[in-house]
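In each ligand, atom 1 is the first atom listed, and ligand 1 is the first ligand listed.
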Amino acid sequence: MTITPTALPEVLIVEPKVFGDARGFFTESWNEERFNQATGNTLRFVQDNHSRSGRGVLRGLHYQLHPHAQGKLVRCVSGAVFDVAVDMRRSSANFGRWVGVELTAENQKQLWIPPGFAHGFVVVSETADFLYKTTGYYAPQAEGCVRWDDPTIGIEWPELGMAALLAEKDAKAPLLAEAKTFD
Ligand SMILES: Cc1cn([C@H]2C[C@H](O)[C@@H](COP(=O)(O)OP(=O)(O)O[C@H]3O[C@H](C)C(=O)[C@H](O)[C@H]3O)O2)c(=O)[nH]c1=O
């Protein structure tokens, strides 16, 4: 397992070892001991999620506030997405800053997004199956969201050649200045 910090040092690219052979491949997509040894975390995941989306679908930017804040370990198992995390902690020197990583079925990269960060992705393949583990249960009453295209965050989304397809709540999400944040 390889762990690579991003420009937001708490957001980590996780690359489990992939064993390829003439039949295909095998990989341990999650190994608690290896992950916690490599990152110094002591994570406990309580929920697995799976969403499927078509090209141009943009889900996010979402997060849950305390006491229901979620850490997420995300990956794309078919197709490809551009995955983004935004630091929503006002006390952080990186408040409002973002990182983006292409997660694909081919590169088998995963992204660890700790509590305190907004998360979202846009699909850059015909379809994408997106799986992720969370350290907290779904709590819609604690959900926060921030606009995907807020110029003060300035996410450089990939060119899609089409308008992003968003849920109504995401199209109407607040800008960072009005969004709920972490201390
Ligand atoms: C997230 C979630 C949703 N739902 C139900 C609620 C709705 O009836 C339906 C679709 O929910 P939503 O439109 O919020 O799904 P996404 O837009 O993919 O939300 C996710 O998008 C970004 C990328 C995230 O990081 C979050 O995990 C999550 O907010 O699934 C559940 O029952 N449990 C859940 O954990």
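Under the 3.5 Å distance criterion, the side-chain polar atoms of Asp48 are left unmatched by any main-chain donor or acceptor of Leu131. Here the side chain of Ser125 pairs no donor or acceptor atom with the backbone of Gly79 at under 3.5 angstrom. A donor-acceptor pair is defined here as one N or O able to donate and one able to accept, closer than 3.5 Å; no such pair exists between the side chain of Glu178 and the backbone of Val146. With hydrogens and angles ignored, the 3.5 Å screen pairs a side-chain donor or acceptor of Trp98 with a backbone N or O of Gly154.
Among protein heavy atoms, the minimum distance from atom 17 (O) of ligand 1 is reached at His62 CE1, 3.3 Å. Protein heavy atom nearest atom 35 (O) of ligand 1, with residue, atom name and distance: Gln47 NE2, 2.9 Å.
Between Phe35 and Trp112, the ring planes are perpendicular. Angles over 60° get that label, and only those under 30° would be called parallel. Aromatic ring pairs are classed by plane angle as parallel below 30°, tilted from 30° to 60° and perpendicular above 60°; the pair Phe182 and Tyr63 is tilted. The aromatic rings of Phe121 and Phe130 lie parallel to each other, with less than 30° between the two planes, well short of the 60° mark.
The nearest protein heavy atom to atom 2 (C) of ligand 1 is closer than 4.0 Å. Using a 4.0 Å threshold on non-hydrogen atoms, atom 10 (C) of ligand 1 does not count as touching the protein. Inside a 4.0 Å radius of atom 30 (O) of ligand 1 there is not any protein heavy atom.
Remark: distances from the non-hydrogen atoms of Gln70 to ligand 1 are all 4.0 Å or more.
If you look at Glu143 next to ligand 1, the close heavy atoms, those under 4.0 Å, all belong to the side chain.
Between the choices Tyr138, Tyr137, Phe130, Tyr132, the shortest heavy-atom distance to atom 33 (N) of ligand 1 belongs to Tyr138.
Look at Asp129 and Arg52 and you find a salt bridge, because one of the NZ, NE, NH1 or NH2 atoms lies within 4.0 Å of a carboxylate O, short of that distance.
The contact set between ligand 1 and Lys72, taken as ligand atoms under 4.0 Å from a residue heavy atom, comprises 24 (C), 25 (O), 26 (C), 27 (O). Each of the following atoms of ligand 1 lies closer than 4.0 Å to a heavy atom of Lys169: 12 (P), 13 (O), 14 (O).
Here's the thing with His119: one of its N/O atoms is less than 3.5 angstrom from an N/O atom of ligand 1. For ligand 1, the polar-atom distance check finds an N/O of Arg59 within less than 3.5 Å of one of the ligand's N/O atoms.
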